[in-house]
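These notes are about the structure you will find just below.
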Amino acid sequence: MPLLELREVHVERGGVLVLRGVSISVEKGEAVALIGRNGAGKTTTMRAIMGLNKPKSGSISLEGRDITRLPPYKVAALGVGYVPEDRRIIPDLTAEENLEIAYGSPPPDDMLDYIYSIFPELKKVRKSRGLYLSGGEQRMLSIARALVKNPKLLLLDEPLEGLAPKAALSVSKALKEIASQGISMLISESGIIRRVEGIAERAYGLDRGEIVYEGTLRGILEDKHARERIWGL
Amino acid sequence: MIPIELLIAQTINGLVYASILFLVSSGLTMIYGIMNILNLAHGSLYMLGAYFAITIIMKLAGGSPWGYLAAFILAPTAVMAVGAAIEVGLLKPIYGKPEEYQLLLTFGLILIFDEVVKLIWGPAYINFPNPGRFLGSIEVAGFEFPVYRLLLIALGFSVAWLLWFLLSKTTLGKKMRAAAADREIVSALGVSVPLLFTGAFMLGSFLSGLGGVAAGPLYTASPGMGIDIIVNSFAVIVIGGMGSILGALVGSLIVGLTRAYAIVIYPAIELALVYLIMVIVLLVRPVGLFGKPEEVRR
């Protein structure tokens with residue numbers, strides 16, 4: 001039984017079908033990439049899994065349990081961590097307070113030690129308000145916030161997009177470490193395959209709400225159909 | 001020249017009125033800030049607090065001093081239960097609908113509560129037994145200070161401190177602030193936003209009911225008292241900034257003291273002055289003294 005399974009998921013946003021029969025799966029301990037251009041439906045796929053967009057039809061299950069219609073907080077409680085593309089750090093709260101609301105109480109020292117071992121950069125800004133964190137720090141905090149719940153599955157929406165090279169390197173290194181700990185991932189990427197190499201083995205190609213490729217990450221570049229649909233090459 | 005005795009008395013009265021205004025407007029502004037719900041019937045909960053209190057004091061306690069103590073605990077608790085019923089039964093079904101729905105619904109509730117109060121307690125003003133009878137007053141430097149009023153001032157500031165503590169020091173309060181900023185991501189982080197909303201609404205209702213209990217012995221209970229307080233509370237939160245607890249505190253002090261001083265200097269200007277301050281604040285700083293510029297709400 002796969003950890004996460006989407007079957008024929010259709011999602012409508014503003015009267016337009018943005019997902020048209022998406023079927024994907026993620027196994028336990030596996031990191032899977034979701035490749036597609038902006039507007040292909042990557043974010044909507046993640047939002048649908050999280051319960052933030054209700055599918056019009058199709059089903060989503062986690063460890064065999066149907067979660068299609070569950071509200072976001074219940075999906076989160078079942079072990080799904082969400083890292084949105086726009087980070088969504090609470091600006092008024094400090095870095096550690098952002099972790100606190102996800103953990104449910106002030107996180108104990110061993111949890112903080114674990115977080116700071118993955119993101120040493122966050123330790124320096126632990127008392128700073130979210131508003132004053134750099135883009136890279138916000139991205140790291142957003143991932144850390146999903147990690148404090150000990151998730152089984154992380155949904156990472158373009159985690160390497162728009163970061164300065166140094167921050168991108170740190171985040172990439174952190175993601176490899178998280179993956180090596182056996183936490184499953186669905187990680188989206190808008191085009192630069194190289195960025196998710198070494199993190200994800202397997203990939204899906206998504207274009208205009210449809211899955212156009214399924215196979216190894218490298219293989220997507222050799223697949224003529226997927227290449228045409230995704231990059232127009 | 002205003003005699004010093006009158007100035008002191010009016011300062012006390014102004015602070016008492018500010019305390020009561022704060023109890024009501026802090027809940028109003030908190031519910032708005034966290035839930036984006038403008039509860040027009042928030043003043044009706046204040047009215048219910050006063051009526052529940054008079055029943056507890058007169059019918060259940062026979063006018064004894066213990067009746068007051070019981071009323072201060074039981075009446076706001078009963079109002080909190082009414083608030084829970086309103087949020088769960090009436091407001092939840094219309095979240096996500098256009099704002100007109102909640103305005104119409106909560107306005108309708110004002111009319112319903114006013115009629116219900118007339119049915120149960122009658123349309124006449126009801127006087128509370130004077131708590132000064134057993135609390136008395138204390139004398140400092142030759143001036144008399146009624147103890148009940150001093151206690152109300154202490155209550156107002158204590159509640160202000162407790163709310164500050166809740167919102168800045170506890171995880172629950174931080175979740176509330178986070179939900180005010182971005183309820184979608186808070187939900188995706190595993191926080192039950194529906195439960196958080198019910199809790200915030202109940203807390204606001206409790207505070208409004210507490211304000212009603214506190215005000216009853218000073219101003220009598222009447223079916224129109226809810227409208228009177230809600231109008232002044234709106235002035236408070238517009239001046240202080242909608243959604244800000246500190247704003248509600250400062251706004252309450254401004255409105256309370258302004259009214260108290262104006263009434264001895266030139267009574268006719270009492271209410272007008274409050275709205276004049278409101279207009280000036282709106283012109284100079286449209287989001288209110290401690291309000292934040294409107295952000296995109298998710």
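Computed from a predicted model, the values in this text were never measured in an experiment. Chain letters run A, B, ... following the sequence lines, proteins first, then strands; residues in each count from 1. Worth knowing before you read on, the calculation uses all heavy atoms, side chains too, and leaves out hydrogens, waters and symmetry mates.
- The residues R7(A) and E5(A) are annotated as salt-bridged, a charged nitrogen and a carboxylate oxygen being separated by less than 4.0 angstrom.
- Side chain of R259(B) to backbone of I254(B): no donor-acceptor contact under 3.5 angstrom is found.
- The existence of a salt bridge linking E97(A) and R129(A) is excluded, since no basic side-chain nitrogen approaches an acidic carboxylate oxygen closer than 4.0 Å.
- Among the residues in residues 35-61 of chain A, those with a non-hydrogen atom closer than 4.5 angstrom to a non-hydrogen atom of chain B are R47(A), M50(A), L52(A).
- Proximity of a side-chain donor or acceptor of Q138(A) to a complementary backbone N or O of G130(A) within less than 3.5 Å is detected.
- Judged purely by atom type and a 3.5 angstrom limit, H42(B) has no side-chain atom pairing as donor or acceptor with the backbone of S208(B).
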_Working note: M185(A) + V32(A), criterion side-chain contact (heavy atoms from CB on, under 4.5 Å); need CA distance, chi angles, decisive distance, verdict._
CA-CA 6 Å; M185(A) 292 181 188; V32(A) 176; over 6 Å; no
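- Annotation: residues 71-84 of chain A contacts chain B through P72(A), Y73(A), A76(A), Y82(A), P84(A) [non-hydrogen atoms, separation under 4.5 Å].
- Residues in residues 80-107 of chain B take part in these ring pair (Phe, Tyr, Trp, His ring centres under 6.0 Å) pairs, two or more places apart or across chains: Y95(B)-F197(B).
- The side-chain contact (heavy atoms from CB on, under 4.5 Å) search around V159(B) returns F22(B), L23(B), L155(B), L163(B), L207(B), L210(B), not counting sequence neighbours.
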* Steps toward side-chain contact (heavy atoms from CB on, under 4.5 Å) verdict (L109(B), L40(B)) -> CA-CA 8 Å; L109(B) 284 175; L40(B) 298 179; over 6 Å; no
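- Counting heavy-atom pairs closer than 4.5 Å to chain B, the top-ranked of the candidates V148(A), L93(A), N98(A) is L93(A).
- Only the side chain of I90(A) comes within less than 4.5 Å of a heavy atom of chain B; its backbone N, CA, C and O stay farther away.
- Ring geometry for W161(B) against F165(B) counts as parallel: the plane angle stays under 30°, on a 0 to 90° scale with 60° as the upper cut.
- Per-residue heavy-atom pair counts under 4.5 Å with chain A were compared for S168(B), P194(B), G190(B), and the maximum is reached by G190(B).
- Residues L45(B) and N39(B) meet the side-chain proximity criterion, which asks for heavy atoms closer than 4.5 Å.
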